Amino acid sequence: MRGHSVYKVPQGKLLKTTLEYDETRHTIQSLRITGDFFAYPEEAIELLELKLEQTPLDHTVLVQTITRLIHEHQIQFIGLDAEGLTQGILRCVL
Amino acid sequence: MSEQWRLLQTGFHTAAENMAIDRAILVANSQGLVPPTVRFYGWQPPAISIGYFQSLTEEVDVNACQRYGVKYVRRITGGGAVFHEKELTYSIVIPESHPQIPKNILQSYSRICNALIRGLHHLSIESTYAPINDIVVKGKKISGNAQTRKHNTVLQHGTILLDVDVEKMFTVLNVPSEKMKDKLISDVRQRVTSLRHIRGKDVGFDDVATAMKRGFEEEFTITLRQGALTSEEDQLATQFENECFSTRQWNHRR
């Protein structure tokens, strides 16, 4: 299945997410994160998209996984955060 | 004696050339080949730049751009889509380790925007920094800014709007639906201003550049000395233009 969401992150920027997901397993197949936010280093967004493949579409799991990846890869977001990204992903499934 | 930085006034260039020059300065500065640099420039023909993370086709009506001779380019900085027509664009390139640049990214936005705020003051315009990356006059945006940090070097570039034609802007930027277009145009008119609108007359590119030069000199207690791109920067810029900013692979990558 494919879904798309446009989500204004509270106090942040406009996040546009495109998601391909496995309906049966309820996991991410592929993810495209776009928008007018800032991330340092910029290339980290592609890494996040890749590392989140196969992640369950579950709020707690997503926030934890994204938070871990942010720390592991020393990513700094401005106008976006783990909760905002999770919301963007989950809104593709609504 | 105050520290000397380089001032580049590179005139008007295409979108791909402009982004290639900024990146070339970033690389040259990171290699210690050139001093901290402030650059003022314009766009010819008019162009849209999109943020690094934006989808080109989602933000830009590529066919309309071709019809109206508007170029488009993906920046190496994040942030939103900008229609560059009547504006002064600046860039600053400086080592991350420079004592004048806060390590904290938001604080460094604020510091650099202060130079523009001082510059606007010299044009008799009182403005304030509006986090994350805007400068506003009476609540209306007059300047948008975007920063990246690569190779331990800061590049921030941004615009000072001389004039704005919101309707023209939305002939080349995509809108969620045609039904919403009028509302969107009216919203943007409410939220955005320009030097022409504030002053009630045209303010020249060169006058704004002179004011902004003073603003940077005062904010950073430096002297900006007129310079030129080095031959290494020229070569790098040509390379970045050909291999990156003018390519479909780069501009359509998201």
Side-chain angles (χ1 to χ4, degrees), chain A residues 2-20 28-53 62 66 69-71 73-89 91-92 94, chain B residues 19 23 26 48-60 74-82 96 102-110 130-134 141 144-158 173-177 180 184 187 244 250-254:
Chain A
R2 187 184 172 89
H4 182 71
S5 77
V6 178
Y7 174 62
K8 167 75 170 66
V9 179
Q11 316 294 318
K13 296 288 190 178
L14 196 67
L15 174 67
K16 299 179 179 180
T17 311
T18 305
L19 178 74
E20 300 269 358
I28 296 172
Q29 284 179 321
S30 72
L31 179 65
R32 176 54 56 100
I33 306 160
T34 65
D36 61 357
F37 54 87
F38 296 91
Y40 304 91
E42 285 80 2
E43 294 73 19
I45 208 72
E46 277 117 18
L47 185 119
L48 265 184
E49 288 172 344
L50 206 65
K51 296 265 184 186
L52 286 171
E53 286 177 10
L62 276 170
I66 294 166
L69 288 168
I70 287 172
H71 286 129
H73 298 281
Q74 297 180 319
I75 303 166
Q76 195 173 342
F77 278 123
I78 294 181
L80 182 62
D81 55 19
E83 176 62 33
L85 193 47
T86 299
Q87 289 295 334
I89 294 168
R91 280 161 197 250
C92 293
L94 291 176
Chain B
M19 294 300 92
R23 187 169 162 196
L26 170 71
I48 296 171
S49 74
I50 59 165
Y52 179 85
F53 306 105
Q54 291 188 298
S55 156
L56 179 75
T57 50
E58 217 168 295
E59 304 297 332
V60 178
R74 178 181 302 280
R75 302 190 303 269
I76 57 171
T77 51
V82 183
E96 247 182 320
K103 298 280 170 285
N104 177 285
I105 292 174
L106 267 184
Q107 284 173 13
S108 67
Y109 267 104
S110 168
I132 298 169
N133 57 322
D134 292 340
K141 176 171 170 171
N145 304 274
Q147 185 185 123
T148 185
R149 294 179 175 212
K150 290 187 193 308
H151 322 299
N152 303 311
T153 307
V154 174
L155 161 67
Q156 183 167 312
H157 44 204
L173 284 176
N174 277 331
V175 288
S177 72
M180 285 178 63
L184 208 59
D187 284 354
C244 176
W250 170 258
N251 289 320
H252 285 256
R253 66 183 286 163
R254 296 185 86 73

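As the structure is a prediction and not an experimental result, all values here were calculated from the model. Labels below follow one simple rule: chain letters A, B, ... track the order of the sequence lines, proteins then strands, and each chain is numbered from 1.
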Check whether [X] gets within reach of chain A through its side chain, its backbone, both or neither, counting any heavy atom under 4.5 Å.
| X | result |
| --- | --- |
| B/Ala146 | both |
| B/Ile76 | backbone |
| B/Glu59 | side chain |

Legend entry - Side chain proximity check, A/Ile45 to B/Arg254, heavy atoms < 4.5 angstrom: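 Yes, their side chains come closer than 4.5 Å.
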Inset, instruction - Can you tell which part of A/Glu49 gets under 4.5 Å to a heavy atom of chain B, answering side chain, backbone, both or neither? - result: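 The answer is the side chain of A/Glu49.
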Legend entry - Minimum heavy-atom distance between B/Ile105 and A/Tyr40, given as atom pair plus value: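 Scanning both residues, the minimum pair turns out to be CD1-CD1, 3.4 Å.
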Inset, instruction - Quick one: closest heavy-atom pair of A/Glu42 and B/Thr148, and the distance? - result: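 Answer, listing the atom of A/Glu42 first, then B/Thr148: OE2-OG1, 2.7 Å.
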Inset, instruction - Sort by residue number and list every member of residues 73-86 of chain A having a non-hydrogen atom under 4.5 Å from chain B. - result: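 When heavy atoms of chain B are the reference, residues 73-86 of chain A contributes A/Gln76, A/Ile78, A/Gly79 within the under-4.5 Å range.
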Legend entry - Residue list, side-chain hydrogen bond (donor to acceptor under 3.5 Å, both in side chains) with B/Tyr52, at least two apart or on another chain: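 Partners of B/Tyr52 under the side-chain hydrogen bond (donor to acceptor under 3.5 Å, both in side chains) test: A/Glu46, B/Arg253.
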